[in-house]
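Heads up: the structure comes next, in C-alpha cells.
Model, not experiment: these values are computed from the prediction.
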Amino acid sequence: MFDKPLTVYNWKDYTLPHPDGYIELKTPDIGDVPVRLFLTPKLLEEVEQDVYKQIVNATRFPGVKLVAITPDVHVGYGVPVGSVILTDDTVAMGPVGYDIGCGMISARSAVEAEKATPKKRLEFNRAVMELVEMGAGGHSRTKLRYISETEFNKLVRGGADYYITKYGASFDRSRAERNRIPVDDNWQIPWGGRGRPERGLTQLGSLGGGNHFMELQRCVETDTLFVQIHTGSRGFGHGLATNYFELARSDKPGKVKHLDLGYFTPDSPNHRSYINAVAAGGNFAILNRLILFEQVATAFKQVFNAELELIYEISHNLVQKEWHPEFGEGWVHRKGATRAFPAGHPGLKGTKWENTGHPILIPGSNKDFSFILKPLEGAHKSGYSVNHGAGRRLSRGAAKQKLHQPKVNEEYRKAGIIVNDNGNIPLDESEACYKPAEEVVNAVVQAGLAEVQYRLLPLASLKGLD
DNA sequence: ATGTGC
C-alpha cells in the first residue's frame, strides 16, 4: 500500500487551480483521492520535494476520502505537518503526530499596549520564568509534579472538568474548544514500552521545548495586551504515540514497513484503544494549557495588575469524528492543522460559537504577526481546517549554522522584543526560521476558508531551550 | 515534539 514506487517526480506540474480557490493535485500516484492544496503559487514553489511522497502516503491509508494541505506545510513523520486527512473508519497515528493534543490558548486584557514598556516586558518574562518550567525534559513546578498514578489517571480521563472540580478554576473556561475528550472506562494507559508515557506523570504544567512558547502581544486592532500559549502533551502524548506505532506494527506483521505509517482499521481492538489514547493525550494537553495559562495570568496580574480573559483554546493535533457535507461522517485527522467550524456547523451546536463560528488561533514566529481568524462557510473545502502556524522554512541545523547570533540579537533588540531574560535569541526558533505569517494566512483568506479578526505583534516571548 | 542515542 505504501511501498508502491512513485511514478511522478515533477509533481508540481500536476497541479491545477480549482475555481473554489485551492490547487488540485492529480497524479497517478494518488489515484482517485481528492488532494487539495491550500497554497498560493508562490508558497507551492517553496514546498520541499519530499512533501510529495508524504502527500502520497496520506492518500494511501485505507478509506481516505480527502487530503487537504495547509499553506504552512512541511515534512513530518510519515505525512506532512499541515495535513488534514478524512477517512471513513481507519484511524492512523502519523496523521495525528507525536505531540497528541498540541495546541494554542489565547487571552486578552483591557490593558493599553503602551503600558508594556521595555522594563515591564522584561519584568513579565522574569515573572513567568519564576513560575513556569520551560524546556525539553522539564518537570512541572506545580504541586501536580507529585501526583499519584491514580490521580494522574483521573486527570487524563476527566480533563478540565475533573481539574476544576478538584482544584478549582481561576478563570472562566467556557470559551474553550472543550473541557474534556471522553475516555472509555475500560481503557488502560499503556505504561512502559518503548514510549514510556509515565514520563508525563511529573510534567503536567510545563511548557516543553521546540516551537512551544508563551508570548505577550499587542493587538493591532484594539491596541491592548494579549497573551498566547502553545504547548502539548509532553512526554505523555509522545509515549502514547510511540507505543501505538509499535502496536500497529505487531497488529499487521510485515504489512506496516514504515513505522510512521501505522494505522488501525475497526477490526483491530487497538482501533478503539488508540482513539482512547488520543482522548487521554488530548486531555493532558488541555490541562497543560489550562495550568500554564493560570500561571501566566498570575504573572500578568503581578506585572500589569489586571486580569486576562480567555479568547479560545484549541488543539491542532487530533483525530476526531466529524460530519462533512461532501464526505459524510468520518474521522478527521489534523496534524498541524486547526479546526475551523463556521457559524451553523453542527459541531458547534449548543456552544457560544453556534452563530459566529469559533476563533482560530494561528501563531507566527516570535518576531512576526500572530493571527486570530474567524471561519467562513467555505471552510468545508479544506475539511473545516486551516493552517496551525507560519510553517518552518529553515531547519534547526541550518538556522544555527547560517544565522549570526549578535546580528539576530540586535534585530530583536531594535524591534523591542524581549525573549526570555538575557538578550540571547534562540536561533533555531527565530524569525528567519519561519515563513512570513501574513503570506501564509493570506492563502487561507484567498481560498475563502476564514477571515482575519485580530493581528497580534510580539512584545515579550518565552521559549524553553532544547 | 521528545530527551536520548547517533
Side-chain angles (χ1 to χ4, degrees), chain A residues 54 70 72-83 92-105 132-140 145 156 189-214 229-246 259-262 274 277-278 280-289 292 314-319 333-338 363 365-366 387-397 399-400 426-429 433-434 462-466:
Chain A
Q54 299 201 327
T70 61
D72 55 340
V73 66
H74 54 96
V75 169
Y77 290 98
V79 304
V81 176
S83 53
M93 282 71 72
V96 172
Y98 280 95
D99 193 355
I100 296 169
C102 179
M104 301 294 305
I105 190 164
V132 183
E133 176 68 22
M134 313 192 300
H139 303 281
S140 175
R145 174 172 179 165
V156 298
I189 298 171
W191 299 116
R194 211 166 68 86
R196 296 188 305 109
E198 54 272 28
R199 284 178 290 148
L201 275 166
T202 57
Q203 295 183 314
L204 259 174
S206 60
L207 181 71
N211 60 5
H212 290 162
F213 71 89
M214 298 172 281
I229 301 169
H230 177 219
T231 190
S233 53
R234 311 285 289 105
F236 181 58
H238 186 272
L240 291 175
T242 304
N243 284 351
Y244 279 87
F245 272 119
E246 297 286 348
L259 184 62
D260 297 340
L261 297 173
Y274 175 61
V278 171
N283 287 334
F284 184 110
I286 287 170
L287 283 169
N288 205 22
R289 285 189 285 276
L292 255 54
I314 188 168
S315 164
H316 45 230
N317 286 2
L318 281 179
V319 55
H333 302 70
R334 293 190 182 85
K335 176 182 191 158
T338 311
S365 82
N366 57 10
N387 55 309
H388 81 312
R392 186 167 274 281
R393 67 171 174 190
L394 201 57
S395 75
R396 291 182 190 282
K400 285 179 193 158
L427 292 180
D428 55 347
E429 281 293 316
C433 299
Y434 290 93
L462 292 136
K463 297 287 300 182
L465 302 179
D466 286 353

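- Within the structure, salt bridge (Lys or Arg N to Asp or Glu O under 4.0 Å) pairs that include any residue of residues 191-205 of chain A comprise A/Arg194-A/Glu246 (at least two apart or interchain).
- Under the side-chain contact (heavy atoms from CB on, under 4.5 Å) criterion, A/Ser365 pairs with A/Lys367, A/Asp368, A/Glu431, A/Tyr434, sequence neighbours left out.
- Across all strands, A/Arg396 comes closer than 4.0 Å only to sugar-phosphate atoms, never to a base (heavy-atom distances).
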Identify each atom pair where a protein N or O and an N or O of nucleotides 2-6 of chain B are less than 3.5 Å apart, giving names and distance.
| residue | atom | partner | partner atom | Å |
| --- | --- | --- | --- | --- |
| B/dT2 | OP1 | A/Arg234 | NH1 | 3.0 |
| B/dT2 | OP2 | A/Gly209 | N | 2.8 |
| B/dT2 | OP2 | A/Gly209 | O | 3.4 |
| B/dT2 | O3' | A/Arg199 | NH1 | 3.3 |
| B/dT2 | O2 | A/His238 | NE2 | 3.2 |
| B/dG3 | OP1 | A/Gln203 | NE2 | 3.0 |
| B/dG3 | OP2 | A/Gly137 | N | 2.5 |

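- Taking A/Asn317 as the reference, A/Asp99, A/Cys102 meet the side-chain contact (heavy atoms from CB on, under 4.5 Å) condition, with sequence neighbours excluded.
- In this structure, A/Asn211 reaches the sugar-phosphate backbone alone: every heavy-atom distance under 4.0 Å involves primed, P, OP1 or OP2 atoms, never a base.
- In this structure A/Arg334 satisfies the side-chain hydrogen bond (donor to acceptor under 3.5 Å, both in side chains) test together with A/Glu322, A/Ser385, sequence neighbours excluded.
- A/His388 meets the ring pair (Phe, Tyr, Trp, His ring centres under 6.0 Å) test with A/His316; sequence neighbours excluded.
- Every residue two or more places apart in sequence or in another chain that forms a salt bridge (Lys or Arg N to Asp or Glu O under 4.0 Å) with A/Arg396 is listed here: A/Asp428, A/Glu429.
- A/Ser140 places a side-chain N or O within donor-acceptor distance of the main-chain N or O of A/Leu204, the cut-off being under 3.5 Å.
- For the contact set between residues 239-246 of chain A and DNA chain B, defined by any heavy atom under 4.0 Å, there are no members.
- Applying the side-chain contact (heavy atoms from CB on, under 4.5 Å) criterion to A/Ile314, with sequence neighbours excluded, gives A/Glu177, A/Tyr312, A/Thr338, A/Arg339, A/His358, A/Leu361.
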